[in-house]
Amino acid sequence: MITEVSAVNFRQNPGEMLNLVQYRNDSIVINKDGKPVAALVDAELFARIRRMRDRFDALSARIAEAYAEVPAEEGITEIDAAVAEERKGR
């Protein structure tokens, strides 16, 4: 479950927020002036997010390297076509 709280509410109840994350596996989105500015998630989820980001960064680097000599428009067209083909197969 995702709970949204104001920064003021978060500051006033940090222990309660930590309990929601630790014992109920909730995630807390902290809003300031009505806009999300931070999130509190359990450590296991944060570790998964970091691993996914690392894999994404590695994949992005591989793609950038593979298309280094290809003009940008041509590369984007090829990638869009591959994505469309993959989505069609689902």
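Only heavy atoms go into these numbers, but all of them, side chains included; no hydrogens, no water, no symmetry mates. Residue indices begin at 1 and follow the sequence shown. As the structure is a prediction and not an experimental result, all values here were calculated from the model.
Atom OG1 of T77 sits about 6.0 Å away from atom CD of E73, to the nearest 0.5 Å. The CG atom of N9 lies 10.5 Å from the OG1 atom of T3; values are rounded to the nearest 0.5 Å. Taken from CZ in R53 to CD1 in I49, the straight-line distance is 9.5 Å, to the nearest 0.5 Å.
In the displayed structure, D33 atom CG is contacted under 6.0 Å by at most 12 heavy atoms of other residues, nucleotides or ligands. Other residues, nucleotides and ligands contribute only 12 or fewer heavy atoms inside 6.0 Å of the CD1 atom of I2.
For the pair E74/V70, a side-chain contact is recorded, criterion being any heavy-atom separation below 4.5 Å from C-beta on. With a 4.5 Å cut-off on side-chain heavy atoms, D42 and Q22 do not count as touching.
Residues M17 and V8 do not share a hydrophobic cluster, clusters being chains of Ile/Leu/Val/Met/Phe/Trp/Tyr side chains in contact below 4.5 Å. No path of Ile, Leu, Val, Met, Phe, Trp and Tyr side chains, each step under 4.5 Å between heavy atoms, connects V41 with M52, placing them in separate hydrophobic clusters.
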Worksheet item: Can you check side-chain contact (heavy atoms from CB on, under 4.5 Å) on V5 and N31, steps first, answer last?
Response: CA-CA 6 Å; V5 299; N31 296 316; over 6 Å; no
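In this structure, a donor-acceptor pair under 3.5 Å is present between the side chains of Y67 and E78.
The two residues P36 and V29 have their closest heavy-atom pair at CB-CG1, 3.7 Å.
No donor-acceptor pair closer than 3.5 Å links the side chain of N13 to the backbone N or O of E16.
Put simply, the residue from D26, N25, I28 that forms a side-chain contact (heavy atoms from CB on, under 4.5 Å) with M1 is D26. Checked against S27 for a side-chain contact (heavy atoms from CB on, under 4.5 Å), the options L45, L20, V21, L40 give a single hit: L45.
E65 and R62 are not joined by a salt bridge, as no carboxylate oxygen comes within less than 4.0 angstrom of a charged side-chain nitrogen.
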